[in-house]
Each structure stands twice: as structure tokens, then as C-alpha cells.
Amino acid sequence: MRLPQELTLSVNRRNPFVFLLSSKAEHHRLLYIALPMILSNITNPLLGMVDTAIIGHLDGTFFLAGTAVATMVITQIYWVCGFLRMSATGLSAQARGERDTTAGSRVFYQLLMPAVLIGVLMILFQGVLIQIAGYFAEASIRVNEVIGAYIGIRVWGAPAALANLMLVGWLVGQQHTRLVMLIQILGNLLNAILSLFLAIGLGWGVEGVAAATVVAEYAIFIASFYVVMRNTGWRGPRFEWFRLQIYRQVLDLNRDIFLRNLALQVTIAFLTFQGARLGEDIVAVNALLMQFFVITALGLDGIAYGVEALVGESKGAGARQQLHDRVRVGLFWSALLAVVYSLFFILFDSVIIALLTDLAPLRQLATAFLPYIWVMPLLAHWCFLMDGVFIGLTRGKAMRNSMLFCTLAVFFPLWWLTSALGNHALWLAFLGFLLARGVSLGWLYLRLFRQQALL
């Protein structure tokens, strides 16, 4: 007689090591969701490299400078709006666990509306965005002209781009990550080909790169929208889904994760600007070192996506012990990947630095900060994992409070206490901040589990 999966998992809950060996199905499910998202994540930086290469071959460095500033402004807005993806993943996964396709449709439409609304507002206020970009750049007239030209076209893709954040989250929650990967890769390839054709072939330059991105964003939206509609039986929206008493859960969740994202962005911005105060060489070195963090996030984010989907599914199904066991599976793979990253950085840190810059002074200066990079994956993987857990649980308030606490009570005080160490203080504060996020959320999770309050 074969035991149900829920019972099979709980039999070994007292011995984590036995559990890790016995629940092969859960390991397979996590990797089935996570690996396509890791591959999808890798394609996005490659696309950025293609666009940079195209613009870098235009006749004048001001093209690259203006595009870099404009892209940064738009990217930061999209990043802060990552609450659309996070809330979509958790709510969609819970609907899957409940086996309620109507709830899945409701979540989709409830999150589509703010995504499109924010995108439309970006179009209407594009002049403000251009002014903000020009202000921070303190650039020449030619650079400001490039900023205006790029944002003036790129902003028209904002409704699709923000909707795509939500669509990715919804599809991850439904565990359709292979489709997400396929759509993202094909969309990025379309973007690269169109960029070459419009910017170089037709001679549109920066405007051609921006237009190619807009076309790709709408192509990704159409493909993703089709997949969602097929999975929900082509249901249309219902008026009652937007009544305040029903809509409040989604609005409150989005608000809390939005504030969480803002707090995180403050710490990263402070690291950047405070590094700039320490000198041009320091800010350049910090930019190089942050690439190690980006590389780490490509993998750890993929594991977190899988945890989000599986934890949300377990919560929707009301399977408390299954949920806990899936968190432990996620912890196993997150920790293993962190160890691999650390070993890789220890062995190849100099090679990676050499690939990023050929300036000998920067390479030499970077060596003093490499130990921070070696331990970063081991300290950071906890916060990636626990973010995934709490997204699956749709506990936005806990994520918000943890981030605010770690920003105000850990990051800034730790930097202030060690500020005499210069740039070392920034990296000590940043690593302490990452670890504190994981510890605080981990402590809260264990407390909720022991109190039987996860569901």
C-alpha cells in the first residue's frame, strides 16, 4: 500500500536528513520550477549586453551615457513595482492549491488593473521622468537629448512591461515556469534582432533600440496573456471582484510589498551614493563587486521562485506539514547553491574581475574587498529563501516590517558604528543587512509554525 504524499513527508519530519533523502518527488518539483527560471534570469543580462554593444558602436559616447541613465530610471521604477510579480505568485499559487480556477482568474484581473494603470501614468508623466533622469545625470545637452529620445519611446511599453511582471508571477504560481522561460527567451531574441535591424540596419540609433524593446514587451505580453487565458478557460473579469471589501486583500498586499521594495532600494542607493563620496575609484569598485551579487541572485532567485509556488500551493491546500517540508527542501537547495557560489567566487574571483575591467588600479583595489564576496552567498541565501516563503504565504506585512527593521535597525546603525573603516563599513553593513533579513524572517516563520498559524 502506498501512503499519500502528505503522510509520507510527515513520517520523516523528525529527521531532516532522512527527509532530504526520502522525498525525491519534492526535490524534483522544486527543481522543475526553479531551473527554467534560473535560465530565464540569465537571458536578461545577455539582452542588456546586446543593447549596450549596439549603442556602444554609435558615433559618440554620449549615446551610451544617455541611454544608461534613461534605462536606469525606467528599470528602477519597474524594480520597485516588483510587488506585482510577488503578490501574483503567492495568490496564484494559493488558488492552484485550492484548485479554484475562478480564484486564479480573479487574482489575474485584480493585479492586471494596477499594472496597466501605473504604465499609463508613466506615459502621461514621461516629461517628469525625463527631467528626473536629466537632473541626476547632470549631463550635457547631447546626453539630455538622448535621455529624452530614449524615454520618449521606451515609456510606451510600460503598460505591457508592468503587466508582464504580473504575468510572470501568475504563471510561476501555476508552476508553468517552462512556458515563462520559453516566452522570455523568444521575447529577448526578438528584442535583440529588432535592435540590430532598427538601430543599425535602418539607422534609427537609440530610438531604434528603444522601439525594439517596446515591440518585444508587447509580444511577451500577448504570448503570456494567451497562456493565462487558456489556463483559466477564457474567463472575463467580474465587477464584484473590484469591490473594496474583496479587492482590499490584494491592495493591502501590494502596498506592503511596495514599501518593502522601497526600503531595500534605499539601502542599495545609499551604498552607491556613499561609495561615490569616497571617490571615483571606490564607486567604480563597488559597481564591479555588485555584479557578484547580481550573479548570485540569478541562481538564488530561481530557487526562491520554486519555493514561492510550492509554499503557496500548500497553503491553498491547507497542508501545513507539507508546507514545512517544502521549506526544508528549499533550504537544502538554497544552501547547496550558496556553497557552490562561494567556492566559485573564491576560485575565480580574479578572473571575473579581469573580465569586468582591464584597469589595473581597479583590479588591485578590488582585492581588498573580495573576502566580502566570498561569504556573501552564504549570508544572503537565507533572505532569498525566506522572501520566497513569505511571498508564498502572502504575508506582505511581515516582509515589510522585517525589511524596515533590517534597514533602520541593522544597516544604517552598523554602517555608522563602523564608518571609520570607509568602504569596508558599507560592505559590512550590507552583508549584515542581508543576514538580518534572513534571520528575522526565519525566526518569524518558526514562530508561526510552532503556533500552527501558517495557514
Side-chain angles (χ1 to χ4, degrees), residues 41 44-45 48 68-89 114-115 118-119 121-122 125 128-129 131-133 135-137 151 154-155 158 161-162 164-166 168-169 253-277 283 286-287 289-298 300-301 304 376 379-380 383-384 386-388 390-391 396-416 425-438 440-441:
N41 286 344
N44 291 323
V69 173
T71 301
M72 180 193 70
V73 171
I74 292 176
T75 301
Q76 291 303 308
I77 294 173
Y78 290 169
W79 194 93
V80 171
C81 291
F83 64 84
L84 294 166
R85 186 208 66 78
M86 295 177 180
S87 56
T89 302
I118 295 171
L121 289 175
M122 288 180 65
F125 292 96
V128 176
L129 296 180
Q131 289 180 348
I132 292 173
Y135 173 78
F136 282 108
I151 291 180
R154 177 76 187 275
V155 75
L162 293 170
N164 288 338
L165 288 176
M166 181 274 298
V168 166
L253 180 62
N254 284 342
R255 176 204 62 207
D256 291 335
I257 300 179
F258 169 73
L259 293 174
R260 174 254 182 208
N261 289 353
L262 276 181
L264 176 57
Q265 194 61 27
V266 166
T267 64
I268 295 175
F270 183 84
L271 190 150
T272 301
F273 291 122
Q274 190 64 29
R277 289 185 175 184
V283 73
N286 285 349
L289 297 178
M290 282 301 291
Q291 295 307 306
F292 287 84
F293 182 71
V294 172
I295 295 170
T296 303
L298 294 178
L300 295 180
D301 258 343
M376 182 175 62
L379 300 179
C383 68
F384 282 91
M386 296 314 301
D387 275 347
F390 277 82
I391 288 170
K397 186 177 293 186
M399 296 177 67
R400 178 200 68 192
N401 293 343
S402 170
M403 186 68 75
L404 290 173
F405 171 80
C406 293
T407 299
L408 300 176
V410 178
F411 178 80
F412 284 110
L414 188 54
W415 167 78
W416 183 76
L426 288 173
W427 283 98
L428 286 171
F430 187 61
L431 292 185
F433 165 75
L434 294 175
L435 179 60
R437 285 174 53 202
S440 60
L441 287 177

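Along the sequence shown, residues carry numbers from 1.
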Do Leu162 and Met166 pass the side chain to side chain contact (heavy atoms under 4.5 Å, CB included) test, and can you show the C-alpha distance, the side-chain angles, and the key distance before you say yes or no?
CA-CA 7 Å; Leu162 293 170; Met166 181 274 298; over 6 Å; no
Go through it in stages, so that I can follow the logic: the residues are Met122 and Ile77, the test is side chain to side chain contact (heavy atoms under 4.5 Å, CB included), and I'd like the CA-CA distance, side-chain angles, deciding distance and then a yes or no.
CA-CA 9 Å; Met122 288 180 65; Ile77 294 173; 3.8 Å; yes
Specify the closest pair of heavy atoms between Val73 and Ala133, including all atoms of both residues, with the distance to one decimal.
CG2-CB, 3.6 Å
Got a donor-acceptor contact below 3.5 angstrom from the Thr407 side chain to the Met403 backbone?
yes
Nearest-0.5 Å distance that lies between atom CZ in Phe293 and atom CG in Leu300
8.5 Å
How long is the straight-line distance from CD of Gln265 back to OG1 of Thr272, given to the nearest 0.5 Å?
8.5 Å
Out of curiosity, Phe430 CZ to Leu379 CG, how far, rounded to the nearest 0.5 Å?
11.0 Å
For the residue pair Ala158 and Tyr78, what are the closest heavy atoms and their distance?
CA-OH, 3.3 Å
Worked check of side chain to side chain contact (heavy atoms under 4.5 Å, CB included) between Leu259 and Leu404:
CA-CA 9 Å; Leu259 293 174; Leu404 290 173; 5.7 Å; no
Member of Thr296, Leu289, Leu435 meeting the side-chain contact (heavy atoms from CB on, under 4.5 Å) criterion with Met376
Thr296
Identify the two heavy atoms, one from Asn261 and one from Met86, that lie closest to each other, and give their separation to 0.1 Å.
OD1-CE, 3.9 Å
Checking side chain to side chain contact (heavy atoms under 4.5 Å, CB included) for the pair Arg437/Val410: CA distance, chi angles, key distance, verdict?
CA-CA 9 Å; Arg437 285 174 53 202; Val410 178; over 6 Å; no
Sub-6.0 Å ring centroid separation between Trp415 and Phe270
yes
Which heavy-atom pair separates Phe411 from Thr267 by the least distance, and what is that distance?
CZ-O, 3.8 Å
Roughly how far apart are Arg260 CZ and Cys406 SG, rounded to 0.5 Å?
10.5 Å
Between Leu165 and Phe83, is any pair of side-chain heavy atoms under 4.5 Å apart?
no
Do other residues, nucleotides or ligands put more than 12 heavy atoms under 6.0 Å from the CZ atom of Phe405?
no
Could you give the distance from CG (Leu271) to CG (Leu426), rounded to the nearest 0.5 Å?
5.0 Å
On a heavy-atom basis, which atom in Leu414 and which in Leu428 lie closest, and how many Å separate them?
CD2-O, 3.3 Å
Taking Met399 as the fixed residue, which of Asp256, Leu253, Asp387 is the one that meets the side-chain contact (heavy atoms from CB on, under 4.5 Å) rule?
Asp387
Measure across Leu84 and Pro114 and return the closest heavy-atom pair with its distance rounded to 0.1 Å.
CD2-CG, 4.3 Å
Roughly how far, to the nearest 0.5 Å, is CZ of Phe433 from CH2 of Trp427?
12.5 Å
